[in-house]
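Take a look at the structure set out below.
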Amino acid sequence: MTNSKAMTEAGWNLDNSYARLPESFFTTLDLNPVRAPKLIILNKPLAASLGLNDEALQTTEGAELFAGNQIPEGSLPLAQAYAGHQFGHFNMLGDGRALLIGEQITPKGERFDIQLKGSGRTPYSRGGDGRAALGPMLREYIISEAMHALGIPTTRSLAVVTTGETILRETAQPGAIMTRVADSHLRVGTFQYAAEWGTVDDLQALADYTIKRHFPELESDENRYLSLFQEVIKRQAALIAKWQLVGFIHGVMNTDNMALSGETIDYGPCAFMDTYDPETVFSSIDRQGRYAYGNQPNIAGWNLARFVETLLPLLHDNQEQAVEVAQETISDFPDLYRSNWLTGMRNKLGLFNEEPEDETLIEGLLKLMQKYRADYTNTFRALTFDKLEDTVLFGKDEFEQWHELWQARLARQQEPKASSHELMRNSNPAVIPRNHRVEEALEAAEKDGDYEVMERLLDALSSPYAHSPEQVKYTTLPEASARPYRTFCGT
Ligand code: AMP
Ligand code: MG
């Protein structure tokens, strides 16, 4: 532990409530130091909101801390146990390359997990080396920060350090560690672990902890575990709708990668869709398209079913009745998702009120985008700024007919055109982290140690609804390529 001046001034205010759960939920660990930590990027606004002093973190001690070579006062480093269905198959997992160093209590009294990802082997590492490569850690940094700026609940990235060590993947790569900030790391898989290997008391302790941490208003509910499930459903319905609305494809929606807080977690092979196509899959390992764009709402429902299965012993003394109540509750998910999505789509089209035909209108546009291979984000931008000539749909009769229907629909609402335009501006991003731009930034960082390309990209992504002239560069599509874009887990 360090008591140096820089560390005292850094503003750490850590608690370790997770360590007060039954012992089987985690393993406390010694540090696993790396050779030569170097700070690559620090998220200063995030540091400030956590009550941390960025100057104190930009010191040698700061880099040592983000590398897991030292720990701040009050830290009790631990790896969490969890299980999960990976591509439908149940496995024991756990933090195989991550360390929770504690929960930072912010000046406003909020609580955030501070986790080092890539911090070395743990009892849950199985065959892995516990380490992470620079490219995937910067990728998570970029995309999670872009998601945050888009207004989508997500874990965030506080810092990335290089370790001065080389790690072996398909090729030798520079090692790195990312500091992840999360509402918590409670996952569907944490409950699966408790249900499979714990006692009912363990399960109840976990459920009570989750309620206390994320849904304290439910504590006095008559059946608080059912209320917990209902709230988790609501948050997932809202989250997945937001993903769909911006064209985000998570890529690996295993149950261990679904956070109960309702945040997006675990940025592996994720990517944003360019051309609108519900079958879009980027991940090299998703050969069946299980986690394709259009399948994400179904998979969220599937994961929620796995979640409620774990809660059955807590829902009712009579297990048949527990199953009945679980089924009834989960059947709300599709409608809840759909209504979140519809609200978001209405916003994207500048609609303030509701009409029964809206769904047909929206689906009509999506069908045209799919048929003519239109870029999803840029089509909505073209509609927002009435620059129809910017889309490949321009000049197509079907599109003109659709456009007339839409204009007539806009004219039937009270709000003036200017208000619709404003709503659309704020609902249709100018920039998303397009794959070729992300790759360009990572290549400069990995090959040349040049982080400026990434800094400029992060800057453009930090205010996606600004529609500023500087952002235009980031709206262009990649050059046509013979091969489809592929992402890798990078583990
Ligand atoms: P993910 O695909 O990141 O959700 O990881 C799935 C599981 O594999 C988790 O239990 C991770 O901790 C573990 N894992 C991923 N990469 C490594 C690694 N390099 N070393 C050890 N465990 C890993
Ligand atoms: Mg994971």
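Small disclaimer: the values here were computed from a predicted structure and weren't measured. Just follow the structure's listing: the first ligand is 1, and inside any ligand the first atom is 1. FYI, the numbering just counts along the sequence from 1.
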Practice prompt. Run down the list Gly118, Gly127, Gly94, Ser125 and name the one with the heavy atom closest to atom 9 (C) of ligand 1.
Written response: Gly94

Practice prompt. Using a strict 4.0 Å cut-off to heavy atoms of Tyr82, name the atoms of ligand 1 that fall inside it.
Written response: 9 (C), 10 (O)

Discussion item. Which label fits Tyr18 and Phe25: parallel for a plane angle under 30°, tilted from 30 to 60°, or perpendicular past 60°?
Written reply: perpendicular

Worksheet item: At a 4.0 Å cut-off, with the gap strictly under it, does some heavy atom of Gly130 reach an atom of ligand 1?
Response: yes

Item to complete: Flag Tyr124 as yes when one of its N or O atoms lies below 3.5 Å from any N or O atom of ligand 1, and as no otherwise.
Response: no

Discussion item. Using heavy atoms and a 4.0 Å limit, tell me yes or no: is Val252 in contact with ligand 1?
Written reply: no

Worksheet item: Which bit of Asp129 gets closer than 4.0 Å to ligand 1, counting heavy atoms only: side chain, backbone, both or neither?
Response: both

Practice prompt. Within a distance under 4.0 Å of any heavy atom of Arg169, pick out the atoms of ligand 1 and give their elements.
Written response: 19 (N)

Worksheet item: Can you find a side-chain donor-acceptor pair between Tyr124 and Gln80 that sits under 3.5 Å?
Response: no

Worksheet entry | Heavy atom of Arg121, distance to ligand 1 below 4.0 Å | no

Discussion item. On a heavy-atom basis, which atom in Phe272 and which in Pro433 lie closest, and how many Å separate them?
Written reply: CE1-CG, 3.4 Å

Worksheet item: Nearest to atom 4 (O) of ligand 1 by heavy atom, Asp266, Asn254, Asn91: which?
Response: Asp266

Worksheet item: Is there a nitrogen or oxygen of Asn257 sitting under 3.5 Å from a nitrogen or oxygen of ligand 1?
Response: yes

Worksheet item: Under 3.5 Å, is there a donor-acceptor pair linking the side chains of Tyr465 and Ser427?
Response: no

Worksheet item: Do Thr255 and Gln192 have side-chain N/O donor and acceptor atoms under 3.5 Å apart?
Response: yes

Worksheet entry | Numbered atoms and elements of ligand 1 in range of Arg131, under 4.0 angstrom, heavy atoms | 19 (N)

Discussion item. When you compare the side chains of Glu110 and Thr106, does any donor N or O come within less than 3.5 Å of an acceptor on the partner?
Written reply: yes

Discussion item. Could you tell me if Arg235 and His214 have a donor-acceptor pair between their side chains, going purely by distance under 3.5 Å?
Written reply: no

Worksheet entry | Geometric class of the Tyr193/Trp197 ring pair [parallel <30°, tilted 30-60°, perpendicular >60°] | tilted

Worksheet entry | Centroid separation Tyr82 to Phe191 less than 6.0 Å | no

Worksheet item: Hey, what's the angle at the Mg ion (ligand 2) spanning OD2 (Asp266) and OD1 (Asn257), nearest 10 degrees?
Response: 80°

Discussion item. Counting only nitrogen or oxygen atoms and a 3.5 angstrom limit, does Leu93 reach ligand 1?
Written reply: no

Worksheet item: With backbone taken as N, CA, C and O and side chain as the heavy atoms from C-beta onward, which portion of Gln80 lies under 4.0 Å from ligand 1: side chain, backbone, both, or neither?
Response: neither

Worksheet item: Counting only heavy atoms, which portion of Asp256 has something under 4.0 Å from ligand 1: side chain, backbone, both, or neither?
Response: side chain

Discussion item. Within ligand 1, which atoms have a heavy atom of Gly128 less than 4.0 Å away?
Written reply: 20 (N), 21 (C)

Fill in: Which of the ligand 1 atoms, numbered from 1, are nearer than 4.0 Å to a heavy atom of Gln86
6 (C)

Item to complete: Heavy-atom contacts with Arg126 under 4.0 Å: which atoms of ligand 1 show up? List them by number with element.
Response: 7 (C), 8 (O), 10 (O), 13 (C)

Item to complete: Decide if the gap between the ring center of Phe380 and the ring center of Tyr376 is smaller than 6.0 angstrom.
Response: yes

Worksheet entry | Sidechain-backbone polar pair: Asp113 side chain, Ala182 backbone, donor-acceptor under 3.5 Å | no

